[in-house]
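Single-structure report; data block below.
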Amino acid sequence: MFMDPQEILSLCKRRGFLWPSFDIYGGMAGMYDFGPLGVALKNNIENHWRRLYVLQEGFMELSCPLVSPEPVFKASGHLDTFSDMYVECTKCGETYRADHLAKDLHENPATLDEVQLGKLLRENGVKCLSCKGDLTEPKRFNLMFKTMVGAGKAKPGYLRPETAQGMFVNFQQVYRLGREKLPVGAVQVGTSFRNEISPRQGLIRLREFHQMEAELFVHPDDKTWPRFGAVKHEKLLLVANSGETKEITLEQAVNDKVIVNEVLAYFMWLTYRFVLDVGLDPKKMRFRQHEKTEMAHYASDCWDLEAELGYGWVELVGVADRGCYDLSAHIKHSDADLTAFEKFDEPKEVEQEGVKVKFDVMGKMFKGDTKIVAEALSKMPLESLKGRESVPVQAGGRTHDVPAECFEVAMRKEKVTGRKFVPHVIEPAYGVDRIAYAALEHAYSKSEKEDYITLRLKGLVAPFKAGVFPLMAKDGLDGIASEIHASLSSAGMHTYYDDAGSIGRRYARMDEVGTPCCITVDYQTKDDGTVTVRDRDSSEQRRIKKENVVLAVTRLVSGAGLKALEGL
RNA sequence: GCGGCCGUAGUGUAGCCUGGUUAUCACUUUAGCUUGCCAAGCUAGAGACUCGGGUUCAAAUCCCGACGGCCGCACCA
């Protein structure tokens, strides 16, 4: 069925899921406010995700600042990647990457600023490739929001364009807390920012959005996963970049090298499980492998989980093997040791020639300079130290003459028990807003004849778990209903109490926001203590004892259906 | 950022071309009555011309700009 996103967004606005931000000031593209129902939906999605990643798979959840200092993004590559320069044709409006046009005019056009690049293009008479029109001066599009941290000599900072970097820069903490074993994983749920040129399509392309990202650090030679065996016979619909589309088991996909390794396959499966749990339609889901050209140069494999929506196929989740790229980049830029250590089976004896400083002799001679001279000395090539009476050492801006009795060069035996290596990263990255939207769209249904809208949300994600109504707001029915509402609330369930208008209208309101069931107190309740439970999707009812309401709602929310109320 | 279309209560709309009373209708919503299980009825309310400038005696209506929306192009680390 073709779905018009406008219809969904209209419902969302009407019923308090979400609305355009800053509306009274004319709004701002790419920003949405979540209303009470939207917040509940989003929280439910995020909390279920935590249940899988943190509780089930044992990832550690972090929460890092949204504003990050410049070096972080220098290292990650975002600063350079986001600073692409564009020129436009003044005649036909075509846009080009300025550095691409200058490719043959300069050995490395990416190093030029916009003024230099503009001059270069002008002097070489570069015109529009399609219509030969004049080009504008290069313009810089930076997709990160920039800000200043502190007053006076403020440092530039950026709003994070993804949550991932916070986990990479904290690798040491995560590795240590994981007791220095691999695999070890971190997750972060939170807001990210991208200053999109033209945000569009409702929640699909936002300037401020929510991500749930996981970074799993693994040994480069061991990309297996303990729970893989339990799911290896499960099937996924794969659209490979070879052009083939097939539904095959995880095991076969890994054996045939369709998916590059076991751990990636496992997290693709977990991703699929997750989106089914939150109510997405399996018939409208697929995994699409990135094209070789689309994939970041460092990634060895990347699959997008896509959902079919009114907008077409939309990426909800990206699952990538990023290799050692991220940690290596931060090692290079920060000098921090973001490596893991592996013990050899047998320690190795390694004989190595080295210089040993005799501090007792040297200290008397060099006094306060001893430390810096010794340091400089031990960094010098061994050959330049051998067989000399004294050695000139540069330290502290001077040349020190160090006599041979201050050190000796000798073979040293060292026991090497293992080696350091840079772990590889498996990254599942989820777009919360997109998933929330997909959950709404896949749950949306409208009866043909009377435009009766029902959101068939999974109980797990539904903002309200139940509606509670007195059939009439009198004769004590309202009091009993209030008590039931209170008992559900204290059991931790968000429920909606409503005693106004006809009962049908109240059911309809709840159906439209996806509430799985409604409890109605009627006159029979006063006689025998039973209430009716109405199921949203079938609109059928059962009577149960009122003291069993919490249990009944719990069962219905878990998707058990009315038959699970037998005996209550 | 470019091009096309568009912007009226919470939602969906009429009016705009051809400027002129108190801006149409439905749903929603509030209060009261009624109502004994699926958007019922009655009565009384509330609620809008996206913003700014221009033309005019007079602008929802015509013109310009901004903002916002949809579609296409480009972009999407």
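Here is how names work: the chains are called A, B, and so on, in the same order as the sequence lines, proteins then strands, and each is numbered from 1.
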Notebook entry, point to check: Whole-Å distance between B/rC75 P and A/R207 CZ?
Noted result: 18 Å
Note to self: Test of understanding: with side chain to side chain donor-acceptor pair (under 3.5 Å), list the residues that count as partners of A/S538, not counting sequence neighbours.
What the structure shows: A/D535
Note to self: Using a heavy-atom cut-off of 4.0 Å across all strands, would you classify A/G431 as base, sugar-phosphate, or nothing?
What the structure shows: nothing
Notebook entry, point to check: According to the salt bridge (charged side-chain N to carboxylate O under 4.0 Å, His left out) rule, which pairs have a member within residues 12-21 of chain A, sequence neighbours left out?
Noted result: A/R14-A/E512, A/R15-A/E512
Margin query: Pick the closest RNA chain B nucleotide for A/M28 and for A/R322 by heavy atoms, then say which residue is nearer the 5' end.
Written below: A/M28
Margin query: Applying salt bridge (charged side-chain N to carboxylate O under 4.0 Å, His left out), can you list everything that pairs with A/D326, at least two apart in sequence or on another chain?
Written below: A/R322
Margin query: From CD of A/Q6 over to P of B/rG10, roughly how many Å is that when rounded to an integer?
Written below: 17 Å
Item checked: Ring geometry between A/H210 and A/F34 (parallel below 30°, tilted from 30 to 60°, perpendicular above 60°) -> perpendicular
Note to self: Which residues in residues 66-74 of chain A have a heavy atom closer than 4.0 Å to any atom of RNA chain B?
What the structure shows: none
Margin query: Defining pairs by Watson-Crick or G-U wobble geometry with both distances under 3.5 Å, how would you list the stems of RNA chain B with at least three pairs each?
Written below: B:1-7 with B:67-73, B:10-12 with B:25-27, B:29-33 with B:41-45, B:50-54 with B:62-66
Next item on the list: Kindly write out the residues that satisfy ring pair (Phe, Tyr, Trp, His ring centres under 6.0 Å) with A/H494, not counting sequence neighbours, or none if the list is empty.
Entry: A/F464
Margin query: Measuring only the C1' atom in each nucleotide, how far is B/rU50 from B/rU34? A whole number of Å is fine.
Written below: 41 Å
Next item on the list: Can you sort out the partners of A/F59 under ring pair (Phe, Tyr, Trp, His ring centres under 6.0 Å), two or more places apart, ordered by chain and number?
Entry: A/Y53, A/F267
Checklist line | A/D498 bridged to A/R505 by N-O distance under 4.0 Å | finding: no
Check: So what does A/S198 hit on the nucleic acid, given a heavy-atom distance under 4.0 Å: a base, only sugar-phosphate, or nothing?
Finding: base
Check: Expressed in whole Å, how much space separates the P atoms belonging to B/rC62 and B/rA14?
Finding: 15 Å
Next item on the list: Check the angle between the aromatic planes of A/H78 and A/F73 and answer parallel, tilted or perpendicular using the 30° and 60° thresholds.
Entry: perpendicular
Note to self: Rounded to whole Å, how long is the line connecting atom CG of A/D23 with atom C1' of B/rG68?
What the structure shows: 9 Å
Margin query: Both A/E196 and A/G30 contact RNA chain B. Taking the nearest nucleotide for each, which residue is further toward the 5' end?
Written below: A/G30
Notebook entry, point to check: Could one point to a donor on the side chain of A/R205 or the base of B/rC75 with an acceptor on the other under 3.5 Å away?
Noted result: yes
Margin query: Tell me every residue that passes side chain to side chain donor-acceptor pair (under 3.5 Å) with A/N195, counting only those two or more places apart in sequence or in another chain.
Written below: A/R207
Note to self: Nearest whole Å is fine: how far is B/rC70 P from A/I8 CD1?
What the structure shows: 14 Å
Notebook entry, point to check: A/D4 has an atom CG; how far is it from atom P of B/rU11, in whole Å?
Noted result: 15 Å
Next item on the list: Round to a whole Å and report the spacing from CZ of A/R200 to C1' of B/rG3.
Entry: 11 Å
Margin query: Taking only the C1' atom of each, what is the distance from B/rU61 to B/rU8 in whole angstrom?
Written below: 11 Å
Margin query: I'd like the P distance from B/rC70 over to B/rA59, given in whole Å.
Written below: 32 Å
Notebook entry, point to check: Does a side-chain heavy-atom distance below 4.5 Å link A/Y32 with A/D433?
Noted result: no
Next item on the list: Mind calculating the distance between CH2 (A/W19) and P (B/rG69) to the nearest angstrom?
Entry: 17 Å
Notebook entry, point to check: How far does the P atom of B/rG72 sit from the matching atom of B/rU29, given to the nearest Å?
Noted result: 35 Å
Item checked: Pairwise ring-ring contact (aromatic ring centres under 6.0 Å, His included) hits with a residue in residues 503-553 of chain A, at least two apart -> A/F469-A/Y507
Next item on the list: With C1' as the reference atom in both, quote the distance from B/rG7 to B/rC49 in angstrom, rounded to an integer.
Entry: 10 Å
Checklist line | Sequence-aligned protein contact record of nucleotides 31-47 of chain B, with B where the base is within under 4.0 Å of a protein heavy atom and S where only the sugar-phosphate is | finding: ----BBBBBB-------
Margin query: Output the rounded distance in Å from CG (A/L9) to C1' (B/rG12).
Written below: 15 Å
Check: How would you list, by chain and number, every residue that makes a salt bridge (charged side-chain N to carboxylate O under 4.0 Å, His left out) with A/R286, sequence neighbours excluded?
Finding: A/E306
Margin query: Between B/rA46 and B/rU30, how far apart are the two C1' atoms, rounded to whole Å?
Written below: 7 Å
Margin query: Test of understanding: with ring pair (Phe, Tyr, Trp, His ring centres under 6.0 Å), list the residues that count as partners of A/F217, not counting sequence neighbours.
Written below: A/F171
Item checked: Same-atom distance (C1') from B/rU21 to B/rC67, integer angstrom -> 33 Å
